[in-house]
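A quick write-up on the structure given underneath.
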Amino acid sequence: FRADAAPGNLIVLASLTSPTAVAQIFQATRKQNRNLAKQAFVIQRLPMSRNRIALLCLGGTSIGARYATVEILRRMIYDRQQAVVKLDRVRDEPYSIWRAIYINDSAHQANNYDPNLVYPIGTYRWPIEKWKRYIDQMAFFRYNVLQIWLVPQMFTPKALEGGGVFDYVRDTLRAVARYARPRGIQ
């Protein structure tokens, strides 16, 4: 990676496990922060040649680097002409490593804000695109656990045989989990 070859300012994403071929300019920051926790990150403004700057977003893992990207988006000031991020250095680490959102899919909560996995009311059933949007919002706000409470009927012998709504629930939950994992959500 040749940072000096880029024509403008840079935002560089890296984790502590990124290849060591990261440009020399970033090596000192990487060494200073080698003890970052998995979900922690550092954003460091670094001067470059020709009056340019680089924002190094260094995460303890790729999830930490993702959180650094979100932090840049949160701090960005923009108008029709330009986007500016005013910071020199930020280090952040979640207070709790487990940050959950809980969905209770029970009958008395069937409304537009409930994904309705179980009940045969098509009006309130979330399509997979709405699930993806929900997962993206969770990731943006750094939640990392999605808990879904299913009604007890989902665990009866008949339900475990499959078919009908049970297959729908199983397939939906699998699709949601596949989409959520790369975004740091379990």
Side-chain angles (χ1 to χ4, degrees), residues 1-103 113 115 126-148 175-186:
F1 171 68
R2 288 206 26 163
D4 286 334
N9 294 329
L10 297 174
I11 296 177
V12 178
L13 297 177
S15 72
L16 292 176
T17 58
S18 295
T20 55
V22 175
Q24 193 64 33
I25 170 177
F26 307 122
Q27 290 296 342
T29 302
R30 187 175 171 173
K31 286 178 185 173
Q32 290 170 351
N33 296 285
R34 66 179 161 266
N35 294 326
L36 279 176
K38 290 181 179 182
Q39 298 178 31
F41 66 85
V42 170
I43 304 171
Q44 179 78 46
R45 178 182 297 269
L46 300 169
M48 292 179 47
S49 63
R50 299 185 308 240
N51 235 2
R52 297 175 310 135
I53 59 139
L55 286 178
L56 173 61
C57 303
L58 180 64
T61 63
S62 60
I63 295 302
R66 175 186 281 269
Y67 291 159
T69 306
V70 169
E71 189 65 26
I72 285 177
L73 292 173
R74 285 184 177 154
R75 291 174 179 246
M76 190 173 289
I77 302 167
Y78 57 92
D79 58 27
R80 293 178 187 250
Q81 306 297 320
Q82 65 180 352
V84 177
V85 179
K86 295 183 179 182
L87 58 82
D88 287 324
R89 179 179 164 82
V90 173
R91 186 185 190 290
D92 195 9
E93 182 175 341
Y95 178 75
S96 171
I97 60 168
W98 194 71
R99 299 169 309 282
I101 288 183
Y102 176 78
I103 294 176
Y113 304 104
W126 285 7
I128 196 65
E129 291 308 313
K130 191 166 185 176
W131 277 104
K132 288 179 178 180
R133 177 75 176 130
Y134 189 77
I135 295 297
D136 288 341
Q137 290 174 351
M138 284 183 64
F140 184 83
F141 290 105
R142 300 187 201 172
Y143 287 99
N144 62 355
V145 176
L146 173 60
Q147 292 181 306
I148 300 174
V176 168
R178 271 193 309 273
Y179 188 79
R181 273 189 214 104
R183 287 155 182 80
I185 299 170
Q186 49 185 315

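The chain is numbered in sequence order, starting from 1.
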Is the count of non-hydrogen atoms from other residues, nucleotides or ligands lying under 6.0 Å from Tyr78 atom OH greater than 12?
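Counting neighbours around OH of Tyr78, 12 or fewer heavy atoms of other residues, nucleotides or ligands fall under 6.0 Å, so no.
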Counting heavy atoms not belonging to Tyr143, are there more than 12 under 6.0 Å from its OH?
no
Do [X] and [Y] come within less than 4.5 Å of each other through their side chains, counting heavy atoms only?
X	Y	answer
Phe41	Val90	yes
Val145	Ile101	no
Val176	Ile128	yes
Leu56	Ile43	no
Trp131	Leu146	yes

Locate the shortest heavy-atom distance separating [X] from [Y]; write the atom from each residue and the value.
X	Y	result
Ala68	Cys57	CB-CB, 3.6 Å
Leu55	Leu87	CD2-CD1, 4.0 Å
Ile63	Gly184	CD1-CA, 3.4 Å

Test: salt bridge (charged side-chain N to carboxylate O under 4.0 Å, His left out). Region: residues 175-185. Which pairs qualify, not counting sequence neighbours?
Asp136-Arg183
Taking Val42's backbone N and O only, do any of them form a donor-acceptor pair with Arg91's side chain (distance below 3.5 Å, no angle check)?
no
Keeping the roles fixed (side chain from Asn144, backbone from Arg99), state whether a donor-acceptor pair exists under 3.5 Å.
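Pair found, side chain donor or acceptor close to backbone of Arg99.
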Pairing residues for Arg75 by the side-chain hydrogen bond (donor to acceptor under 3.5 Å, both in side chains) criterion, not counting sequence neighbours
Glu71
Answer yes or no on whether Arg74 is positioned over the face of Phe140, meaning its NZ or CZ is under 6.0 Å from the six-membered ring centre and within 45° of the axis.
yes
Run the side chain to side chain contact (heavy atoms under 4.5 Å, CB included) check on Ile135 and Ile185 step by step: do they pass?
CA-CA 8 Å; Ile135 295 297; Ile185 299 170; 3.9 Å; yes
Partners passing ring-ring contact (aromatic ring centres under 6.0 Å, His included) against Tyr134 (at least two apart in sequence or in another chain)
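By the ring-ring contact (aromatic ring centres under 6.0 Å, His included) rule, Tyr134 matches Trp126.
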Quick one: pull up CD in Gln44 and CG in Asp88 and give me the separation to the nearest 0.5 Å.
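Rounded to the nearest 0.5 Å, the CD-CG separation comes out at 8.0 Å.
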Indicate whether any N or O donor in one side chain lies under 3.5 Å from an N or O acceptor in the other, for Arg66 and Gln39.
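There is no such pair (donor and acceptor under 3.5 Å, judged by atom type) between the side chains of Arg66 and Gln39.
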